[in-house]
Enquirer: 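I have a structure here, written as structure tokens, and I will follow up with some questions on it.
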Amino acid sequence: MVGPQSVPEPFKMPFPHASEALSRFTVLDLTRVRSGPTCVRQLADWGANVIKIDALTEDAGGEQPGGPRRGSDFQNLHRNKRAMTLNLKDERGLAVFKRLAAKADVVVENFRPDVKKKLGIDYDSLAAINPRIVYGSISGFGQDGPYHKRPGFDQIAQGMGGLMSITGAPGEGPMRVGIPVADLTAGLFCAMGILTALLEREVSGKGQWVQTSLLQAQIFMLDFQAARWLMEKEVAKQAGNNHPTSIPTGVFKTSDGYINIATTGGRIWERCAQAIGAPELYSHPDYATAPARSKNRDALNAEIEKRTVTKSTETWVREFNDAGVPCGPIYAIDQMFEDAQVRHLGIAQDVPNDEDRHIRLVGQPVTLSRTPSTMVARPPEFGEQTDEVLKEFGFGADEIGKLRDAKVV
């Protein structure tokens with residue numbers, strides 16, 4: 001049995017951490033756009049020392065892939081980080097990066113698979129310098145295989161991953177989901193893989209290469225719909241707002257809007273029928289069993305909606321909850337943030353900043369009792385902490401000056 005390996009002292013840096021949970025880890029962030037920054041945001045929000053590498057070819061004035069640097073999207077993705085500039089296409093810039101990687105714990109990138117090899121910052125190159133490095137990669141389709149050189153975009157992954165074929169109303173053609181779900185889940189899965197590799201490193205003392213792709217993440221997110229095909233050879237189809245298996249579950253009109261109702265079994269269906277004042281529906285042969293409700297879904301939904309349109313959404317939410325029937329209003333985003341429970345959870349959080357700018361972002365959806373995640377730093381300006389970071393990694397003032405003169409940083 002292999003015992004725990006000796007672990008070097010953490011590479012500590014003197015700045016506020018969003019949490020103590022990951023404060024011992026240093027992360028070099030080479031990511032752009034969404035999937036990669038989503039991954040690194042998880043590490044930053046839990047206190048890792050994240051250093052965003054801004055390429056000198058980017059627009060220092062504010063435009064970034066994904067929107068302006070001070071725009072809501074960029075701000076949401078890059079809080080709790082610091083940033084430095086570096087020209088990785090210059091040999092001296094590459095040497096600087098390798099000095100950083102020699103002390104870092106994690107590198108995360110979402111270049112196309114061939115780009116990092118050309119730059120000389122691929123996993124094998126960095127592992128030769130630092131065998132403990134955990135290297136996270138996100139691509140569109142994987143690091144090898146027939147499609148590995150194709151550029152990856154969320155909507156393409158939604159389509160190829162099967163999601164668009166089961167989203168939307170029947171007969172109206174494929175429909176994308178209203179959020180970049182492939183990008184977001186690929187980032188979350190990569191973060192999970194990195195944390196798993198860091199845990200394993202505590203035993204083996206060795207790093208490893210963590211890989212995921214938008215396509216893999218999207219297929220995984222099909223979950224039971226994918227299992228229906230793999231196990232039963234059943235191809236799921238579009239069901240609109242109806243749940244594919246739990247019936248009646250869906251969207252129903254009220255006197256002033258819409259409501260979601262979810263029944264997950266015969267007992268809840270009985271409560272639902274009683275709550276809408278139609279107990280006869282529960283015993284009706286067309287609706288008495290799950291197969292019967294599935295066969296007669298449209299007729300049953302119409303019977304329910306004849307009742308729900310007689311009262312307001314607020315009234316139905318109260319009455320269904322009193323009856324033990326899962327339900328909820330359907331909010332626009334502004335309404336959602338005003339909901340009493342959402343406000344209680346405190347997921348919308350202000351970000352402190354010396355400029356007194358209004359920065360309010362979505363915090364982590366997970367709470368830890370001893371080491372919670374907090375907003376401690378606004379997203380960095382272009383290369384804002386370049387000198388600070390280089391000094392902390394052991395670069396002298398003359399050395400930094402020469403790098404600046406040569407436009408390496």
Side-chain angles (χ1 to χ4, degrees), residues 163-179 181 221-225 227-228 232 234-345 347 365:
L163 180 63
M164 292 174 66
S165 74
I166 57 173
T167 303
E172 294 186 6
M175 178 68 67
R176 69 180 292 275
V177 173
I179 59 169
V181 63
M221 290 300 291
L222 288 180
D223 199 61
F224 75 95
Q225 298 284 41
R228 287 170 71 185
E232 299 154 11
E234 181 179 344
V235 178
K237 298 179 180 179
Q238 290 168 307
N241 289 319
N242 294 315
H243 192 278
T245 57
S246 296
I247 301 159
T249 293
V251 174
F252 299 88
K253 287 183 181 179
T254 64
S255 63
D256 62 351
Y258 295 88
I259 188 173
N260 269 318
I261 302 172
T263 64
T264 56
R267 183 70 185 96
I268 293 179
W269 163 228
E270 182 180 11
R271 294 177 197 160
C272 179
Q274 291 172 344
I276 62 175
E280 70 278 5
L281 293 178
Y282 175 70
S283 56
H284 193 291
D286 286 351
Y287 316 129
T289 66
R293 291 194 295 277
S294 179
K295 180 180 178 181
N296 300 293
R297 176 203 302 265
D298 292 340
L300 176 55
N301 286 350
E303 288 289 346
I304 294 171
E305 194 160 273
K306 277 197 290 189
R307 278 81 175 178
T308 59
V309 294
T310 64
K311 298 179 184 179
S312 69
T313 296
E314 183 179 2
T315 300
W316 280 122
V317 168
R318 182 178 65 252
E319 293 186 4
F320 278 130
N321 275 298
D322 288 346
V325 178
C327 70
I330 298 173
Y331 289 142
I333 292 174
D334 57 341
Q335 295 172 312
M336 174 270 292
F337 278 114
E338 290 302 314
D339 180 88
Q341 184 66 25
V342 175
R343 292 169 70 92
H344 170 77
L345 292 170
I347 196 165

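All values below come from the heavy atoms of this structure, side chains included, with hydrogens, waters and symmetry mates left out.
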Enquirer: List the atom of Pro285, the atom of Ala292, and the distance in Å for their closest heavy-atom pair.
Expert: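 Heavy atoms of Pro285 and Ala292 come nearest at O-CB, 3.7 Å.
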Enquirer: Distance-only, no hydrogens or angles: does the Arg343 side chain make a donor-acceptor pair with backbone N or O of Glu338 under 3.5 Å?
Expert: no
Enquirer: Verify whether one side chain among Asp256 and Thr313 offers a donor that lies under 3.5 Å from an acceptor in the other.
Expert: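 Present: a donor and an acceptor within the cut-off.
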Enquirer: For the residue pair Gln274 / Arg271, report whether a side-chain donor-acceptor contact shorter than 3.5 Å exists.
Expert: no
Enquirer: Report yes if some heavy atom in the side chain of Val342 is under 4.5 Å from a heavy atom in the side chain of Met336; otherwise report no.
Expert: yes
Enquirer: Rounded at 0.5 Å granularity, tell me how far NE2 in His344 sits from CG in Asp339.
Expert: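 Atom-to-atom, His344:NE2 and Asp339:CG are 11.5 Å apart.
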Enquirer: Is the backbone of Glu234 close enough, under 3.5 Å, to the side chain of Arg228 for a donor and an acceptor to pair up by distance?
Expert: no
Enquirer: Taking the side chain from Glu305 and the backbone from Phe252, do they hold a donor-acceptor pair closer than 3.5 Å?
Expert: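 No, the answer is negative, given that no donor and acceptor are paired below the 3.5 Å cut-off.
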Enquirer: Of all heavy-atom pairs between Ile247 and Leu300, which one has the smallest distance, and what is that distance?
Expert: CG2-CD2, 4.5 Å
Enquirer: Ignoring hydrogens and angles, tell me if any N or O in the side chain of Asn241 forms a donor-acceptor pair with the backbone of Val251 under 3.5 Å.
Expert: no
Enquirer: Kindly compute the distance separating CG (Asp298) from NZ (Lys295), expressed to the nearest 0.5 Å.
Expert: 13.5 Å
Enquirer: Kindly indicate whether the side chain of Glu319, heavy atoms from C-beta on, has any atom under 4.5 Å from the side chain of Lys311.
Expert: yes
Enquirer: Kindly give the heavy-atom pair with the smallest separation between Ser255 and Thr310, and that separation in Å.
Expert: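 The answer is CB-C, 4.4 Å.
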Enquirer: For the pair Arg307 and Glu280, find out whether any cationic side-chain nitrogen is under 4.0 Å from an anionic carboxylate oxygen.
Expert: yes
Enquirer: Could you tell me whether a side-chain N or O of Thr263 sits under 3.5 Å from a main-chain N or O of Ile268, the two making a donor and an acceptor?
Expert: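 Checked: no pair found.
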Enquirer: Does any non-hydrogen side-chain atom of Ile259 lie less than 4.5 Å from one of Phe320?
Expert: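 The answer is yes, as the side chains (C-beta and beyond) meet within the 4.5 Å cut-off.
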Enquirer: For a side-chain contact (heavy atoms from CB on, under 4.5 Å) check, start with the C-alpha distance between Trp316 and Ile276, then their side-chain angles and the critical distance, and finish with the verdict.
Expert: CA-CA 9 Å; Trp316 280 122; Ile276 62 175; 4.1 Å; yes
Enquirer: Give me the atom names and distance for the closest heavy-atom approach of Pro170 to Gly240.
Expert: CD-N, 3.9 Å
Enquirer: Short question: side chain of Gln225, backbone of Leu222 - any donor-acceptor pair under 3.5 Å?
Expert: no
Enquirer: With distance as the sole test, does Trp269 use its side chain to make a donor-acceptor pair with the main-chain N or O of Ala290 at under 3.5 Å?
Expert: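 Between the backbone of Ala290 and the side chain of Trp269 there is no qualifying donor-acceptor contact (under 3.5 Å).
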Enquirer: Does atom CE of Met164 have more than 12 heavy-atom neighbours from other groups under 6.0 Å away?
Expert: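 Yes, because the 6.0 Å sphere around CE of Met164 holds more than 12 heavy atoms from other groups.
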Enquirer: Please report the closest heavy-atom contact between Ser312 and Thr254, naming both atoms and the distance.
Expert: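 Residues Ser312 and Thr254, closest heavy atoms: C-CB, 4.0 Å.
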Enquirer: Of all the heavy-atom pairs spanning Cys327 and Asn321, show the shortest one and how long it is.
Expert: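 The pair with the smallest heavy-atom distance is SG-ND2, 3.6 Å.
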Enquirer: Measure the shortest side-chain to side-chain distance between Ile261 and Cys272 over non-hydrogen atoms and say whether it is less than 4.5 angstrom.
Expert: yes
Enquirer: Which word best sums up how the rings of Phe224 and His243 line up, parallel for under 30°, tilted for 30 to 60°, or perpendicular for over 60°?
Expert: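 Geometry flag for His243 against Phe224: parallel rings.
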Enquirer: Are any side-chain N or O atoms of Gln238 and backbone N or O atoms of Gly173, one a donor and one an acceptor, separated by less than 3.5 Å?
Expert: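 A pair under 3.5 Å: yes.
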